Each structure stands twice: as structure tokens, then as C-alpha cells.
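First the structure, in the form of C-alpha cells, and then the observations on it.
These values consider heavy atoms only, across backbone and side chains, with no hydrogens, waters or symmetry-generated copies. Every value quoted in this text rests on a predicted model; they were computed, and no experiment measured them.
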Amino acid sequence: MAEVKPLKITETVLRDGPQSLVATRMRVQDMIPVLEKLDDVGYHAIEAWGGATFDACLRFLDEDPWSRLRILRHRMPKTPIQMLLRGQNLLGYNHYADDIVSEFIKKSVENGVSIIRVFDALNDTRNLETSFRAGKEAGAHMQGALVYTTSPYHKPQDFLQLAKEMVQMGADSICIKDMAGLLTPYAAETLVKQLKKELEVPLELHNHCTTGLGHMTALKAAEAGVDIIDTALSPFSGTTSQPSTEAMVATVAEGPRSTGLDLMQLNELAEYFSGVKTKIIHEFHVNANFDLNPKVLIYQIPGGMLSNLRNQMAGMGIEDKLDDVLKEMPQVRKDLGYPPLVTPTSQIVGSMAVMNVAMGRYKMIPREVKELIRGRYGKTPGPINQEVKKQAIGDEPVIDHRPADDIKPQLFAMRDRLDEAGFPGLSTEDVLSYALFPEVALSYFRSHR
């Protein structure tokens, strides 16, 4: 019988917690007073970079994301810093050339990242090849993430095959990434047991509480043998965020998977972050009150996407037709080959559903939908509806190769553009910031360089 090991915790209070609840508006100044205390908790890792933090630092917080990373590393020398990366998309919304991807990962590790969780919105491993190769060369722990969803093309066996491909590519661990809270407790038990039986690398669960299932799912995953779970200290947990760190530590404390973490220590940190949350809400006027939404189990819309849909529909004068759009989403998703709904596919499917309700089905098709059908984002899990394909791109060919093979090297061109814009001699990190978010980065450079 396998040895029962303590459940490990990855803390998300510095990244996905605030991204999910307060639109990533936490400043590094708000983190600094407790970084040493976070470092002393005994977490497996602290997820503190990647995702939307890079964009938010430059766009909203007047911060250099690279400087933030160096501060975090300096003040948390003991605990691995983890980041979230969208494969060939990096932290943006389009595919970048291989030289940009490789250099970005190299610099991320040099500046303080130890663990890189990498995923592709379509679970197309071709879009992860460069990330895995660059991460391994840089000495990072590379974690492959299975983007969890449900469809005829997303069964436990499909996820197992995907995980095996990632391990062959060099994955040091595997994460079940349940971004919409769709993973039910017993489905988690089944999936974790199957993956643990077949894989020899550690297994982690990242889930959200949007549907009300988060804590129960995390517990069943722990009982089934998952090695690590993602949690957030209570002020930044629940609803569209992760399960509460204190609650999960207390839940398993009297059983064989006890984490060994100190609840008093966690409560002290939670009190501090409660004040930070109040400050962010007042300063940025963000709405941090979200209701549990079991409807997501039917429509599969990630929690943060609902507000975006409402805003988009209000701008079109059809805010009263939200229910129609929610019902249209599953049909559009089916038509487009059952992509998991995560950035950027959630935005692509959502916009198409809104247009279908507003203008008639596929009367107007956005460029991003056409690119998805052309294969420019990768291979969809299921087949594209042939009538929709005909309407969108006619007889144009669909690519069957790795999309990034069509992108020429970009790094030197980006440096040349910065020289022309009056910013010669910037660091490679600054060039990478510009490559991902050109206009936002230029605006930051005008003030700080």
C-alpha cells in the first residue's frame, strides 16, 4: 500500500485570488509587509506571477512586473515562486514567435520564478513544445496543466493521454486546471485516481469555487491521493477564487493528509489581507461581491466572464437577452469543436454567442472565430461544424501544422521598434514587456525610462 503523504498547499493570495476577486489590483507595496511571514508558513509554493498580473502591473498599477518579481524573490528566498503561462500565448492573447517565448521564459527564471505552470486553451500540446523546452533549459520545474472541461471529447481517458504527452515533453508535475469550477467531487476522485495510477510525477489540483463545489472537490481530490491543492487565504478565497487555505488546512488536519501548517499563523496573515482587500475595493472601486453560480455547470462560463458579457451586451443595447446568450453558448461551443472556455477561447465563444443573439446565427463572424476555425489557435478537441466553417472561411484551407511555425522571429524586430520610438538600450525584460503589450509598455516607459 502506498505511503500516505501530507497534503501540500500552493498559496494563490498573491496572484489568482486577487485576479479572481479584485481584478488583479493588488500592488506589490501591499504584499511587502508580509512576504517574510508568507515565506515562513511552509507552503509547497506561492503562485505570485503570470496570468493577468503582468498586464495589470503595467496598465493599472504603474508597476514594472519584472521589478515586482525580483522583490518577491528577494523577500521569499525559501518558498518556490510559481507563475501561470499560456504556452505560445505567454501572458498575452495571441501566439508569439518561438524566440519571444524562449527568451521570456529564460528571463522569468533568471528574475525569480521556480515553477512554471503552462497550459494551452485547446489542450494542443504542439503549443507547449517551445515552453517546455525553454523552461527545462532554464532549470525551472515545468508543470503541465490539463485544462478541465466536459464534453464528448473530454473524458478521463482523454486527460490521461494528454498528461502522458506532457510528461514525455518534460513535465515535472501535472495540474488539473479547473478554471470554471466544473469539476465535481466524485469526478475529481475518479480523475485523480486514474492519473495517480498511471503517472509517476506529482499531481496538483487548481480549482475555483464559482459553482459552489470547490471545497468539496478539493477534499475528494485529497482523499483520492492528489499531492498538492491550490488555495487562497480566506479574504481572497471562495466564489470565483480558490478554496480557503485555512478551511482546507482545518478540514484535513485530523486525518492522514494533515498539512502540518499552523492555523494561527494563517489566521494572522488572513487578517492582514482582509485589510488589503478593503483598501483595494475603496481605491479602485471594484466589486468583490460575487454570488455562487451553479448555472456555470450548464453553460460552462468562467465566473469572470459573466460581467464581461453583461458589459458587452449593454453596449449593444441587448442586456435584457442575457438568458438567450447563456443558452446560445453551449451551441456555439459545439459548433466550434468544444474548446475549453479559458482565455482566449472563452472570449471568442462568448462574443460569437452575443453576435448570434443580436444579429442572427453566424450573420456576422469575428476575425478571432475565423482564426480559430482556420486552426490558427491549434487543433480543437472536436470537429468544427461544417456549415459554420463554410459560412466563416468558405473553401480556405485549414492548417494542420503547429501555428507558431508560421511566425517569424520577433525579438530583434521589437528592439528595433523601441529604438525608433526613442527608447534605445532598454533591457531585454523591457523589450519583452513591449512585445507582449506594446502600447501599454510604451506608456509606462515614457514615465519611467
For Asp124 and Lys379, run side chain to side chain contact (heavy atoms under 4.5 Å, CB included): C-alpha distance rounded to whole Å, both residues' side-chain angles, the deciding distance at 0.1 Å, then the answer. CA-CA 6 Å; Asp124 186 339; Lys379 189 179 188 308; 3.7 Å; yes
Set out, in order, the CA-CA distance, both residues' side-chain angles and the distance that settles salt bridge (charged side-chain N to carboxylate O under 4.0 Å, His left out) for Lys389 and Asp335, then state yes or no. CA-CA 9 Å; Lys389 176 187 169 188; Asp335 289 341; over 6 Å; no
What do the steps show when you test Tyr96 against Ile407 for side chain to side chain contact (heavy atoms under 4.5 Å, CB included), and what is the final call? CA-CA 7 Å; Tyr96 298 94; Ile407 307 175; over 6 Å; no
Begin from the C-alpha positions of Thr210 and Asn293 and carry the test side-chain hydrogen bond (donor to acceptor under 3.5 Å, both in side chains) through to its verdict. CA-CA 6 Å; Thr210 315; Asn293 193 348; over 6 Å; no
Carefully, step by step, assess Lys295 and Asp323 under the rule side chain to side chain contact (heavy atoms under 4.5 Å, CB included). CA-CA 11 Å; Lys295 280 186 178 180; Asp323 283 345; 4.3 Å; yes
Take Val357 and Met313, measure what side chain to side chain contact (heavy atoms under 4.5 Å, CB included) needs, and give me the verdict at the end. CA-CA 10 Å; Val357 169; Met313 293 172 69; 5.7 Å; no
Could you walk me through whether Asp227 and His44 pass side-chain hydrogen bond (donor to acceptor under 3.5 Å, both in side chains), step by step? CA-CA 10 Å; Asp227 298 282; His44 165 72; over 6 Å; no
Step by step, would you call Lys277 with Asp30 a salt bridge (charged side-chain N to carboxylate O under 4.0 Å, His left out)? CA-CA 10 Å; Lys277 183 178 179 182; Asp30 296 324; over 6 Å; no
side-chain hydrogen bond (donor to acceptor under 3.5 Å, both in side chains) between Gln88 and Asn94: does it pass, once the steps are laid out? CA-CA 8 Å; Gln88 206 73 29; Asn94 304 297; over 6 Å; no
Please report the C-alpha distance between Asp178 and Asn207 in whole Å, then the side-chain angles of each, then the deciding distance to 0.1 Å, and finally whether the side-chain hydrogen bond (donor to acceptor under 3.5 Å, both in side chains) criterion is met. CA-CA 5 Å; Asp178 176 26; Asn207 69 325; 4.9 Å; no
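Ionic pairing of Glu420 and Arg415 is not present here: no N-O contact between side-chain nitrogen and carboxylate oxygen is shorter than 4.0 angstrom. A salt bridge does not link Arg126 to Asp405: none of the charged nitrogens lies less than 4.0 Å from a carboxylate oxygen. Under 4.0 Å is where a charged nitrogen must lie from a carboxylate oxygen, and between Lys193 and Glu189 at least one such pair does. In this structure, Lys164 pairs ionically with Glu198, as a charged nitrogen and a carboxylate oxygen lie closer than 4.0 Å. Under a 4.0 Å N-O distance rule, the pair Arg117/Glu204 qualifies as a salt bridge. Ionic pairing of Arg374 and Glu371 is present here: one or more N-O contacts between side-chain nitrogen and carboxylate oxygen are shorter than 4.0 angstrom.
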Below 3.5 Å, can you tabulate the donor-acceptor pairs from side chains in residues 433-444 to any protein atom, sequence neighbours excluded?
from: Ser433; atom 1: OG; to: Trp66; atom 2: NE1; distance (Å): 3.0
from: Ser433; atom 1: OG; to: Glu429; atom 2: O; distance (Å): 3.2
from: Tyr444; atom 1: OH; to: Asp64; atom 2: N; distance (Å): 3.3

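Side chains of Met359 and Met316 form a contact here, defined as non-hydrogen atoms less than 4.5 Å apart. Side-chain contact check for Leu91 versus Asp55: every heavy-atom pair is 4.5 Å or farther apart. Ile228 has its side chain out of reach of Leu203: every pair of non-hydrogen atoms, C-beta onward, lies at least 4.5 Å apart. Residues Pro403 and Tyr377 are not in side-chain contact: their nearest non-hydrogen atoms beyond the backbone lie 4.5 Å or more apart. Counting heavy atoms from C-beta outward, His215 and Thr251 have side chains that stay 4.5 Å or more apart. His206 places none of its side-chain heavy atoms less than 4.5 Å from the side chain of Met179.
Atom CE of Met364 is surrounded by 12 or fewer heavy atoms from other residues, nucleotides or ligands within 6.0 Å. The 12-atom threshold is not exceeded at OH of Tyr186, counting heavy atoms of other residues, nucleotides or ligands nearer than 6.0 Å. Crowding of Lys8 atom NZ: a count of heavy atoms from other residues, nucleotides or ligands under 6.0 Å not exceeding 12. Residue-environment remark: NZ (Lys107) exceeds the threshold of 12 foreign heavy atoms within 6.0 Å. In Lys196, the NZ atom is crowded: over 12 heavy atoms of neighbouring residues, nucleotides or ligands sit closer than 6.0 Å.
With no hydrogens or angles considered, a side-chain donor-acceptor pair links Glu165 and Thr125 at under 3.5 Å. For the residue pair Glu328 / Asn356, a side-chain donor-acceptor distance below 3.5 Å is found, with atom types taken as modelled. If you check the side chains of Glu11 and Thr245, you find a donor sitting under 3.5 Å from an acceptor. Judged by distance alone, the side chains of Gln242 and Thr231 never bring a donor and an acceptor atom under 3.5 Å apart. At a cut-off of 3.5 Å, with distance as the only test, no side-chain donor of Ser114 or Gln82 sits close to an acceptor on the other residue. Counting only N and O atoms by type, the side chains of Gln143 and Asp172 include no donor and acceptor under 3.5 Å apart. Donor-acceptor pairing under 3.5 Å is recorded for the side chains of Gln300 and Thr150. Using modelled atom types and a 3.5 Å distance limit, the side chains of Arg86 and Ser131 yield no donor-acceptor pair. Judged purely by distance below 3.5 Å, without hydrogens or angles, the side chains of Ser234 and Glu246 pair a donor atom with an acceptor atom.
Aromatic pair Phe104/Phe54: ring centres closer than 6.0 Å.
Using cut-offs of 30° and 60° for the angle between ring planes, the Tyr153 and Tyr338 rings count as tilted.
For the atom pair Asp16 CG and Asp230 CG, the distance stands at 8.0 Å (nearest 0.5 Å). Taking CE from Met166 and CG from Leu146, the interatomic distance works out to 5.5 Å, rounded to the nearest 0.5 Å.
The two residues Pro381 and Pro339 come nearest to each other via the heavy atoms CD-CA, 4.1 Å. The two residues Met248 and Pro243 have their closest heavy-atom pair at CG-CB, 3.9 Å. Listed here is the closest heavy atom pair of Leu21 and Thr239: CD2-OG1, 3.4 Å. Heavy atoms only, all atoms of each residue included: Leu182 and Val296 are closest at CD2-O, 3.4 Å. Here the shortest heavy-atom pairing between Gln410 and Ile100 reads OE1-CG1, 3.5 Å.
Remark: Arg25 is positioned above the aromatic ring of Phe60, its terminal NZ or CZ atom under 6.0 angstrom from the ring centre and at most 45 degrees off the axis. Annotation: cation-pi pair Lys177/Phe119 present, NZ/CZ under 6.0 Å from the ring centroid and within 45° of its normal.
Ser102 contributes no side-chain N or O that, together with a main-chain N or O of Asp99, makes up a donor-acceptor pair within less than 3.5 Å. Judged by distance alone, with hydrogens and angles left aside, the side-chain atoms of Thr211 form a donor-acceptor pair with the main-chain N or O of Gly181 at under 3.5 Å.
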